[in-house]
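Being a predicted model, the structure only gives us computed values, none of them experimental.
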Amino acid sequence: MRKTVVLFLFCFVLYGLQAADFRFALLTDIHITKNATSGEDLQNSVNQINATKDIAFVLVTGDITEEGDRESLAKAKSILDRLKMKYYIIPGNHDTKWSESGATYFSHLFGDERFKFEYEGYLFLGFNTGPLLRMADGHVSPQDITWIKEQLKTAGKQKPVFLVTHYPLQNGDVDNWYDLTDAVRPYNIRAFLGGHYHSNRYLAYDGIPGILNRSNLRGNEEVGGYSVYKITSDSILVYEHKIGGEMTQWASLSTRKKYYDPETKIDARPDFVINKEYEKVKEKWMVQTGVGIYASPVVYKNKVYVGDGIGKMSCYDLQDGTKKWTFQSGNRIIGTAAVAKGIVVFGSADKYIYGLNAENGTLLWKVEASEPVLGAVTIDKNIAYIGASDHTLRVINIRNGEVCWTYQGVKGYIETRPLVTKDKIIFGAWDNTLYALNKKDGDLLWKWTGDLTRMHFSPAAVWPVAVDKKVFIVDPQRAMTAIHMENGETIWRTYQAKVRETIGLSRDKRRVYAKTMMDSVVCFVTQGEKPVELWRSNVGFGYEFAPSMIEEKENVVFGSTKNGLIFALDAYSGQVLWKHQIGTSLINTVYPLSRHKVLFTAASGEVGLLEWNEK
């Protein structure tokens with residue numbers, strides 16, 4: 001009898017610990033800028049949370065800033081640090097897409113992009129849902145999914161868990177949502193918590209409850225607000241708390257009810273049926289690296305070079321994908337490398353530009369910048385051109401790492417691949433500006449702004465192309481523009497095709513290609529003083545905004561999308577030759593080897609080679 005009583009008391013105490021009532025606040029979509037009421041809204045929320053009894057901790061679920069800049073992040077932290085209780089924070093897409101630090105400053109400032117903690121028997125896991133520096137859907141990186149699996153396995157299947165994200169985990173918001181829901185389904189997931197839509201919503205992700213929360217911003221109202229969660233022995237109660245008002249409950253969940261069957265998948269998965277339609281395209285080889293990749297592959301002497309999201313530059317055999325060597329830099333690699341004369345050149349968010357031996361990966365030299373180096377590299381006649389976030393374009397002799405000259409007059413950060421012509425260097429930055437410099441000494445020749453009014457409209461992600469006396473760009477204001485190379489004057493600018501950040505030039509330089517934001521690729525002639533559309537091809541890729549450039553090889557036009565599709569078109573007619581689905585995540589600018597072979601990398605971690613049997 002005594003053993004029964006002791007066991008009962010033990011179970012009672014254990015259950016009591018897991019079911020004790022507590023409350024926490026949730027702030028999301030704060031969007032701090034340098035000059036706006038967003039800072040005031042956040043301070044009002046902090047003051048009210050501090051004055052509210054029994055708030056155990058605060059979750060902060062992304063879009064801390066509007067532009068991901070250091071000043072705004074620091075401003076947000078200075079206000080959040082006034083909370084009397086501990087807070088746990090993750091980034092949102094505004095913190096990672098337009099980040100001058102390559103999304104590294106967030107971790108430096110707040111300690112990590114993830115969090116893990118337990119409170120009253122509940123496990124809370126927060127993590128980034130991207131995208132990182134590239135315009136694309138949200139994405140959970142392979143390394144984050146691995147981390148989540150490890151944490152849940154350690155916690156066990158009975159422990160109740162809240163998963164904290166920024167994006168809603170559904171099709172159209174996060175490209176690989178199913179990878180995450182499949183990974184967590186076996187566990188006791190009580191709900192996903194997040195924001196992004198700036199409104200209170202109850203959703204379900206493959207059956208798993210999802211709660212989206214209002215923005216901290218006041219919007220069109222007089223005051224802002226946030227969410228408060230109350231966890232009881234049997235309920236999850238969700239309240240909206242406007243500044244100066246009473247808390248209003250708007251949602252509730254049971255802590256005991258099973259909302260989904262771990263064995264039953266509700267939402268439809270991608271079917272990849274397109275690959276059956278174009279059966280003559282095969283994956284000759286593909287490597288799953290387990291790490292997100294945001295740079296394109298480059299080739300040199302039968303080897304492929306790829307930088308990844310944890311700072312590794314890896315070399316693969318072109319024939320079979322066998323890894324030859326890996327060099328570890330100090331932080332993620334975003335910009336595409338370049339290779340010449342046996343030297344691989346790339347930048348890293350660790351604030352260095354590296355020159356490696358292409359054969360064995362040994363370090364030959366490195367050049368220090370004062371901020372992360374996110375730019376792609378162009379090499380011309382043994383000289384490398386690369387931009388960084390310290391507002392500087394550097395010109396480097398690849399043989400010895402000597403800096404020939406620098407241009408420091410850039411106002412924004414640089415991520416593009418510079419265009420190198422006979423006598424000019426042309427590149428855009430996240431400051432609404434396209435720059436043209438004298439190739440010999442870096443003197444500024446002209447600047448083009450095109451009356452762009454917002455930083456987000458900058459011609460900064462596009463890789464410019466040029467023909468004769470014209471430079472062609474596209475920008476997020478959905479326009480294609482031809483600019484006079486000698487003076488920076490606009491020759492023509494057209495919105496007729498609704499393009500965004502993807503452009504390409506034919507080998508004969510008679511045609512310029514661009515990807516539209518809905519289904520199509522367009523082709524314009526490069527000659528003349530007015531925009532003349534030559535053809536428009538309906539590829540059928542849907543809504544699209546990824547900055548993956550168009551490449552032509554042997555009269556075949558290659559392109560890729562934010563949702564894992566690679567396609568090939570006839571250069572003269574736009575006829576679709578083939579399509580192939582790699583996955584559902586961003587495919588970076590592809591690297592065609594011939595009209596039949598094309599290399600690719602993906603944000604989901606794949607490196608591979610496609611081969612088309614044309615016969």
* Run the salt bridge (Lys or Arg N to Asp or Glu O under 4.0 Å) check on E544 and R500 step by step: do they pass? -> CA-CA 9 Å; E544 170 62 19; R500 189 180 175 104; over 6 Å; no

* Asked: Should E40 and R218 be marked as a salt bridge (Lys or Arg N to Asp or Glu O under 4.0 Å) after you check the CA-CA gap, both sets of side-chain angles, and the distance that decides it?
  -> CA-CA 10 Å; E40 181 182 336; R218 68 187 68 179; 3.3 Å; yes

* Applying side chain to side chain contact (heavy atoms under 4.5 Å, CB included), run through V60 and I90 and close with a yes or a no. => CA-CA 6 Å; V60 190; I90 54 171; over 6 Å; no

* Determine, stepwise, if the pair F124 / Y119 fulfils ring pair (Phe, Tyr, Trp, His ring centres under 6.0 Å). => CA-CA 8 Å; F124 291 79; Y119 193 86; 7.7 Å; no

* Applying side-chain hydrogen bond (donor to acceptor under 3.5 Å, both in side chains), run through D308 and Y294 and close with a yes or a no. => CA-CA 7 Å; D308 68 26; Y294 311 99; over 6 Å; no

* Where do T104 and N331 land on the side-chain hydrogen bond (donor to acceptor under 3.5 Å, both in side chains) test, with the steps shown first? -> CA-CA 8 Å; T104 61; N331 214 310; 4.8 Å; no

* side chain to side chain contact (heavy atoms under 4.5 Å, CB included) between T601 and I587, worked out -> CA-CA 6 Å; T601 57; I587 304 293; over 6 Å; no

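When all heavy atoms of L452 and P459 are compared, the closest pair comes out as CD1-CD, 3.7 Å. Nearest heavy atom pair, residue A295 against residue G335, reads CB-O, 3.7 Å. Of all the heavy atoms in S38 and I32, the pair that sits closest is OG-CA, 3.4 Å. Across I414 and T392, no two heavy atoms sit closer than the pair CD1-O, 3.7 Å. What you find for T181 and Y205 is that their closest heavy atoms are CG2-O, 4.0 Å. Taking all atoms of both residues into account, the shortest heavy-atom contact from Y260 to I189 is OH-N, 3.3 Å.
Sequence neighbours left out, not one pair with a member in residues 126-145 passes ring-ring contact (aromatic ring centres under 6.0 Å, His included). Counting only residues at least two apart or in different chains, ring-ring contact (aromatic ring centres under 6.0 Å, His included) contacts with residues 232-255 comprise Y226-H241. Screening residues 61-77 for salt bridge (charged side-chain N to carboxylate O under 4.0 Å, His left out), with sequence neighbours left out, gives R70-E371, K77-D81.
The OG atom of S141 sits 10.0 Å away from atom CD1 of I310, with the distance rounded to the nearest 0.5 Å. To the nearest 0.5 Å, atom OG1 of residue T561 and atom CG of residue L586 are 8.0 Å apart. Residue L374 holds its CG atom at 4.0 Å from OG of S389, rounded to the nearest 0.5 Å. To the nearest 0.5 Å, atoms CG (L59) and OH (Y88) are separated by 9.0 Å. S458 contributes atom OG, which lies 10.5 Å from atom CD of Q477 (distance to the nearest 0.5 angstrom). E415 CD to I386 CD1: the interatomic distance, rounded to the nearest 0.5 Å, is 12.0 Å.
Ion pairing of D112 with K116 is absent here, as no side-chain N (NZ or NE/NH1/NH2) approaches a carboxylate O to less than 4.0 Å. Salt bridge annotation for R256-D234: absent, with no cationic side-chain nitrogen under 4.0 angstrom from a carboxylate oxygen. Of the charged side-chain nitrogens involved, none lies within less than 4.0 Å of a carboxylate oxygen, so that E263 and R185 do not count as a salt-bridged pair. Between D182 and K265, at least one side-chain nitrogen of the basic residue sits less than 4.0 Å from a carboxylate oxygen of the acidic one, meeting the salt-bridge criterion.
Shown are F24, F57, F162; of these, the ring-ring contact (aromatic ring centres under 6.0 Å, His included) with F117 is made only by F57. With Y178 as reference, T584 is the one residue of D267, T584, N171, D206 to meet the side-chain hydrogen bond (donor to acceptor under 3.5 Å, both in side chains) rule.
Residues N213 and Y229 bring a donor and an acceptor atom of their side chains to less than 3.5 Å of each other. Donor-acceptor pairing under 3.5 Å is lacking for the side chains of N216 and D29. Side-chain N/O atoms of Q43 and S45 include no donor and acceptor closer than 3.5 Å. In the model, S585 has a side-chain atom that pairs as donor or acceptor with a side-chain atom of D175 under 3.5 Å.
In this structure the side chain of K159 never reaches within 4.5 angstrom of the side chain of Y187, judged on heavy atoms. Counting heavy atoms from C-beta on, the side chains of N93 and P131 come closer than 4.5 Å. A heavy-atom distance below 4.5 Å is found between the side chains of N50 and L83. F427 is not listed as a side-chain neighbour of L434, based on a closest heavy-atom distance of 4.5 Å or more. Counting heavy atoms from C-beta on, the side chains of H456 and W98 come closer than 4.5 Å. In this structure the side chain of K562 never reaches within 4.5 angstrom of the side chain of M135, judged on heavy atoms. With contacts defined as side-chain heavy-atom distances shorter than 4.5 Å, the pair S548/K515 qualifies. The side-chain heavy atoms of T61 and L26, taken from C-beta on, include a pair separated by under 4.5 Å.
Side chain of D431 to backbone of K411: a donor-acceptor contact under 3.5 angstrom is found. Listed for the S329 side chain is a donor-acceptor partner under 3.5 Å among the backbone atoms of G311. Panel note: side chain T406, backbone Q408; no donor-acceptor pair is recorded below 3.5 Å. Side chain of R134 to backbone of I334: a donor-acceptor contact under 3.5 angstrom is found. Listed for the R114 side chain is no donor-acceptor partner under 3.5 Å among the backbone atoms of I148. Counting only distance, with no hydrogens or angles, the side chain of N176 and the backbone of V140 share a donor-acceptor pair below 3.5 Å. R332 places a side-chain N or O within 3.5 Å of a backbone atom of G102 that can act as its donor or acceptor partner. A donor-acceptor pair is defined here as one N or O able to donate and one able to accept, closer than 3.5 Å; no such pair exists between the side chain of Y259 and the backbone of L253. Judged by distance alone, the side chain of Q170 and the main-chain N or O of A204 form no donor-acceptor pair under 3.5 Å. T165 contributes a side-chain N or O that, together with a main-chain N or O of Y167, makes up a donor-acceptor pair within less than 3.5 Å.
The aromatic rings of Y543 and F545 sit perpendicular, their planes meeting at an angle over 60°, well past the 30° parallel limit.
Both tests pass for K366 against the ring of Y352: distance under 6.0 Å to the centre and angle within 45° of the axis.
The number of heavy-atom neighbours closer than 6.0 Å to CG of D261, taken from other residues, nucleotides and ligands shown, is above 12.
The aromatic ring centres of H196 and H94 sit 6.0 Å or more apart.
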